[in-house]
Amino acid sequence: MNLADLNKVALAMVTPGKGILAADESSGTIKKRFDAIKVESTEENRRDYREMLFRSTEAMSKYVSGVILYDETIWQNAKDGTPLVKLIEQSGAIPGIKVDEGTQALPQCPGELVTVGLDKLAERLKKYYERGARFAKWRAVIDIGAGIPSMTAISVNAHALARYAALCQAAQIVPIVEPEVLMDGDHDIDRCYDVTQRVLNETFQELRVQRVELEGMVLKPNMAVSGKKCAKQASAEEVAEKTVRLLKACVPAAVPGIAFLSGGQSDEDATAHLNAMNRIGGLPSSLPWRLTFSYGRALQAAPQKAWSGKAENIAAGQRAFTHRARMNALASKGEWETGLEKKVA
Ligand code: 13P
């Protein structure tokens, strides 16, 4: 392992003014997204849609540091035969790959899940590196509800995250470590804070035990937010203040950067929250790590709608993507304002 090179890639992924496009929806998830815009989820439509994003020259070259791909996409070619990975590289962004294989029920913990995919991971990483991937992602899912999460679910998921991260670094690939505490449910922001704190503490404990080099990874956490069904929704300032406090308590300064997931927040909330956190950090930031985005839904909902599967809408889809990427890029520097949202290109 060359830690200096891993650190260089990790820092590039969290370059101020840029963030990560999470375009790694599994076949099941992208079908759900396409169903919502009445587009059939064929291999060709999935390719056309993602090609539209990766050919959004302004967004990709100015605001996107890296793209997380799904296995199908990393092997796909654009309509003209150029590998999609090459389109990403040509734009100056770094290709990455989702390597977990989804979740399975934890038999001893009803209603809870563990993320799987460690078998043969070392061999798969080698092939992804050859294809151009320089970072990877593994998502653990922790749900909040009556009596959950159990310590068992937190512990097995943290263990798997650390196993994955160690294998990535051995393959010269930067691991994005993503322990996602879901925002579904009616819990308040303080319950989200407490659960996320337990999850992050356990995750970093496992990373230490398994000798993962913190300088060579990126953390992808949820923010501390109110559950979607909670009657009292925390303000952007409260989300920012509590999330930064939580991260300061749990995330070692050796971690180069934190790239948040959007997790079902509205497009504008995801941007406003990131912006408010970077304002707390001050400019230049007083925080030990860079804070940016690694959004899936909050970057893609608008372009998906604008495109709606029609070739004649490609330019509109690219405009919508560029707008959201720009808004989040500004938020990564604390320079976003709500008034900018009205000036959609
Ligand atoms: P969302 O931003 O839609 O939560 O997706 C990010 C991601 O990569 C989830 O694993």
Side-chain angles (χ1 to χ4, degrees), residues 13-14 19-34 36-37 49-50 53 63-74 93-103 113-117 133 135-144 157 160-161 164-165 168 174-185 192 196 199 203 217-225 227-228 239 243 257-274 277 291-305 320-321 324-325 327-329 331-332:
M13 289 161 66
V14 293
I20 298 166
L21 164 64
D24 60 325
E25 298 84 359
S26 63
S27 304
T29 303
I30 196 75
K31 182 177 181 315
K32 265 194 257 164
R33 307 280 182 262
F34 277 14
I37 52 169
Y49 167 66
R50 285 163 172 153
L53 297 179
Y63 311 126
V64 174
S65 58
V67 180
I68 317 175
L69 300 167
Y70 185 57
D71 179 73
E72 174 184 271
T73 320
I74 202 169
I94 308 167
I97 180 78
K98 167 196 176 76
V99 300
D100 69 67
E101 294 178 326
T103 53
L113 302 168
V114 63
T115 301
V116 297
F135 70 92
K137 177 190 114 170
W138 177 289
R139 171 175 174 257
V141 191
I142 302 291
D143 204 358
I144 299 181
N157 276 292
L161 272 169
Y164 140 83
C168 283
V174 171
I176 293 185
V177 173
E178 180 180 8
E180 174 173 7
V181 176
L182 297 178
M183 64 183 291
D184 307 333
C192 176
T196 307
V199 168
T203 300
M217 63 163 272
V218 168
L219 179 70
K220 176 162 174 167
N222 53 285
M223 300 174 192
V225 290
K228 261 192 215 156
V239 168
T243 304
I258 295 173
F260 293 100
L261 58 94
S262 61
Q265 300 179 34
S266 74
D267 293 359
E268 207 169 318
D269 279 355
T271 305
H273 292 159
L274 178 64
M277 279 186 250
L291 296 183
T292 190
F293 58 93
S294 175
Y295 294 162
R297 281 163 284 181
L299 276 172
Q300 295 187 64
Q304 276 162 8
K305 211 165 147 213
F321 173 49
R324 286 268 43 92
M327 293 299 101
N328 287 306
S332 77

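Counting convention: from 1, in listed order, for ligands and their atoms alike.
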Review point. Which residues satisfy the side-chain hydrogen bond (donor to acceptor under 3.5 Å, both in side chains) test with Ser332, sequence neighbours excluded?
Key: none

Check your understanding: Do Thr196 and Asn222 come within less than 4.5 Å of each other through their side chains, counting heavy atoms only?
Key -> yes

Check your understanding: Going by heavy atoms in the side chains, are Ser27 and Tyr70 under 4.5 Å from each other?
Key -> yes

Practice item. State plainly whether the residues Glu178 and Lys137 are in salt-bridge range, i.e. N to O under 4.0 Å. Key: yes

**Study point:** First-shell residues of ligand 1 [heavy atom, distance under 4.0 Å]
**Key:** Ala22, Asp24, Lys137, Arg139, Glu178, Lys220, Leu261, Ser262, Gly263, Ser294, Tyr295, Gly296, Arg297

Exercise for review: Would you kindly say whether Gln304 and Tyr49 are connected by a side-chain donor-acceptor distance under 3.5 Å?
Suggested key: yes

Review point. Distance only, no hydrogens: is a donor on one side chain within 3.5 Å (strictly under) of an acceptor on the other, for Thr271 and Asn328?
Key: yes

